[in-house]
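The analysis underlying the following values was restricted to heavy atoms, covering all of them including side chains, and did not include hydrogens, waters or symmetry mates.
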Amino acid sequence: MATGALSASAYREVRRHSSHLRSSRFLIFVMVATATAALLAYLGRTVGQLPMDLELTRWIQALSIPGLGALLQAIAWVGFPPQSNIVWGVVILGLFLLGLRLESAMLAFSAVGSAGLWFLIVPLVDRPRPSPDLVHVATQLPTGSFPSGHVLNLTAIFGFLIFLSIVTIGNALWRRLLVVLLSAPVLTIGVSRVYDGAHWPTDVLGGYLIGGVWLALSIALYREAQAWLESRSERTHAS
């Protein structure tokens with residue numbers, strides 16, 4: 001009996017320690033990512049074009065790989081409304097119909113929140129987009145350049161779907177396959193936006209950082225909501 005009590009106590013201590021470590025890493029990531037994104041936003045507003053932006057953009061646009069341009073444009077197409085609204089709406093509805101109601105709600109939270117951040121930050125920074133005089137610009141867009149909305153949104157949305165795949169899919173093969181498929185758009189969208197001349201590389205980096213912070217907050221909120229629901233269910237069954 002004593003051994004069993006000791007084991008349970010030790011198990012709770014391990015869980016508490018693990019939770020503390022996750023919380024510490026979470027806070028460190030959020031602070032570092034937020035500070036870096038704030039610095040990039042300040043430079044984008046005050047300096048505008050950075051030397052490394054121009055050099056890296058020209059290097060990326062000089063890539064000559066058959067089919068690369070069409071592939072990157074197809075990836076970017078998904079991030080533009082109205083098709084983006086349709087795609088995410090179908091995915092959110094699909095999760096809801098599968099009975100994953102909390103997951104559906106949190107994916108909507110991640111999607112709407114990331115879009116809201118973009119609408120908030122872009123006019124505050126007001127960074128000019130790449131000029132056709134300096135680099136190739138496929139389509140000139142009227143809004144500011146920092147951060148990349150495509151990168152911010154896809155990082156938050158696909159990132160949350162990757163998280164859900166890891167924690168909800170039991171079959172290791174299907175889990176790995178889905179993680180790879182969901183990671184591909186996140187990894188390639190940044191290159192796509194620079195290749196098209198829609199953003200500078202630091203706009204893309206800012207999108208990844210801000211999207212990563214929002215993703216981390218969404219996951220943390222999901223875990224809290226999940227724990228609350230489980231605790232509520234246990235209390236209901238106990239009574």
Side-chain angles (χ1 to χ4, degrees), residues 37 41 69-127 129-130 137-169 178-200 203-222 225:
L71 174 63
L72 295 179
Q73 287 179 0
I75 294 171
W77 180 84
V78 176
F80 282 108
Q83 55 267 23
S84 61
N85 299 332
I86 296 173
V87 170
W88 307 136
V90 168
V91 174
I92 291 168
L93 179 61
L95 290 175
F96 183 85
L97 293 177
L98 288 172
L100 300 172
R101 297 185 178 182
L102 176 59
E103 289 75 12
S104 173
M106 289 309 305
L107 180 60
F109 174 83
S110 182
V112 174
S114 61
L117 281 175
W118 181 80
F119 279 107
L120 175 66
I121 297 172
V122 164
L124 292 176
V125 179
D126 195 26
R127 185 186 194 186
R129 288 186 182 262
V137 177
T139 304
Q140 289 187 297
L141 300 172
T143 55
S145 187
F146 184 94
S148 167
H150 277 70
V151 175
L152 196 168
N153 297 150
L154 266 64
T155 298
I157 298 170
F158 275 100
F160 193 76
L161 288 173
I162 291 170
F163 165 75
L164 290 181
S165 300
I166 293 172
V167 299
T168 61
I169 297 178
L178 195 54
V179 167
V180 170
L181 291 175
L182 292 171
S183 298
V186 180
L187 297 175
T188 54
I189 189 60
V191 177
S192 171
R193 303 312 287 147
V194 175
Y195 188 85
D196 281 350
H199 290 283
W200 296 114
D203 298 328
V204 167
L205 178 56
Y208 279 125
L209 290 170
I210 299 170
V213 169
W214 189 252
L215 170 61
L217 292 172
S218 298
I219 291 174
L221 183 58
Y222 168 79

Quiz prompt | Residues that Pro81 engages under side-chain contact (heavy atoms from CB on, under 4.5 Å), provided they are two or more places apart | solution = Ser84, Asn85
Practice problem: Supply the atom-to-atom distance Leu215 CG to Leu152 CG, rounded to the nearest 0.5 angstrom. | Solution: 10.5 Å
Self-check item: Spacing of CG belonging to Leu71 relative to OH belonging to Tyr195, to within rounding of 0.5 Å
Solution: 10.5 Å
Check residues 100-109 and write down every donor-acceptor pair under 3.5 Å in which the side-chain atom is one partner and the other belongs to a residue at least two apart or another chain.
| from | atom 1 | to | atom 2 | distance (Å) |
| --- | --- | --- | --- | --- |
| Glu103 | OE2 | Tyr222 | OH | 2.6 |
| Ser104 | OG | Ile92 | O | 2.8 |

Quiz prompt | Side chain to side chain, Val204 and His150, heavy atoms closer than 4.5 Å | solution = no
Quiz item: Within the side chain of Arg129, is there an N or O that forms a donor-acceptor pair under 3.5 Å with the backbone of Ala198?
Solution: yes
Quiz item: Closest heavy-atom contact between Pro185 and Ile75?
Solution: O-CG2, 4.3 Å
Quiz item: Atom CG of Leu98 and atom CG of Leu93: how far apart are they, to the nearest 0.5 Å?
Solution: 9.5 Å
Self-check item: All pairs passing salt bridge (charged side-chain N to carboxylate O under 4.0 Å, His left out) where residues 184-199 contributes a residue, at least two apart
Solution: Arg193-Asp196
Practice problem: Report the residues that fulfil side-chain hydrogen bond (donor to acceptor under 3.5 Å, both in side chains) with Thr155, sequence neighbours left out, ordered by chain and then residue number. | Solution: none
Quiz item: Of the non-hydrogen atoms in Val186 and Tyr208, which two are nearest, and what is the gap between them?
Solution: O-OH, 2.5 Å
Quiz item: With sequence neighbours left out, what residues match Ser183 under side-chain hydrogen bond (donor to acceptor under 3.5 Å, both in side chains)?
Solution: none
Practice problem: Applying side-chain contact (heavy atoms from CB on, under 4.5 Å), name anything that partners Ala184, two or more places apart in sequence or on another chain. | Solution: none
Quiz item: Is atom CD of Gln140 surrounded by more than 12 heavy atoms (other residues, nucleotides or ligands) closer than 6.0 Å?
Solution: no
Exercise. Calculate, to the nearest 0.5 Å, the distance between atoms CD1 and CZ belonging to Ile219 and Phe160 respectively.
Key: 6.5 Å
Table please: side-chain donor-acceptor pairs of residues 112-122 below 3.5 Å, with sequence neighbours left out.
| from | atom 1 | to | atom 2 | distance (Å) |
| --- | --- | --- | --- | --- |
| Ser114 | OG | Ser110 | O | 3.0 |
| Ser114 | OG | Ala111 | O | 2.9 |
| Ser114 | OG | Asn153 | ND2 | 3.2 |
| Trp118 | NE1 | Pro147 | O | 3.3 |

Quiz item: Under the side-chain contact (heavy atoms from CB on, under 4.5 Å) test, which residues partner Val191, sequence neighbours left out?
Solution: Ile60, Leu72
Quiz prompt | For Phe96, ring pair (Phe, Tyr, Trp, His ring centres under 6.0 Å) partners two or more places apart | solution = none
Practice problem: Decide if the gap between the ring center of Phe146 and the ring center of His199 is smaller than 6.0 angstrom. | Solution: no
Quiz prompt | Leu182: side-chain contact (heavy atoms from CB on, under 4.5 Å) partners, not counting sequence neighbours | solution = Phe158, Leu161, Ile162, Ser165, Leu178
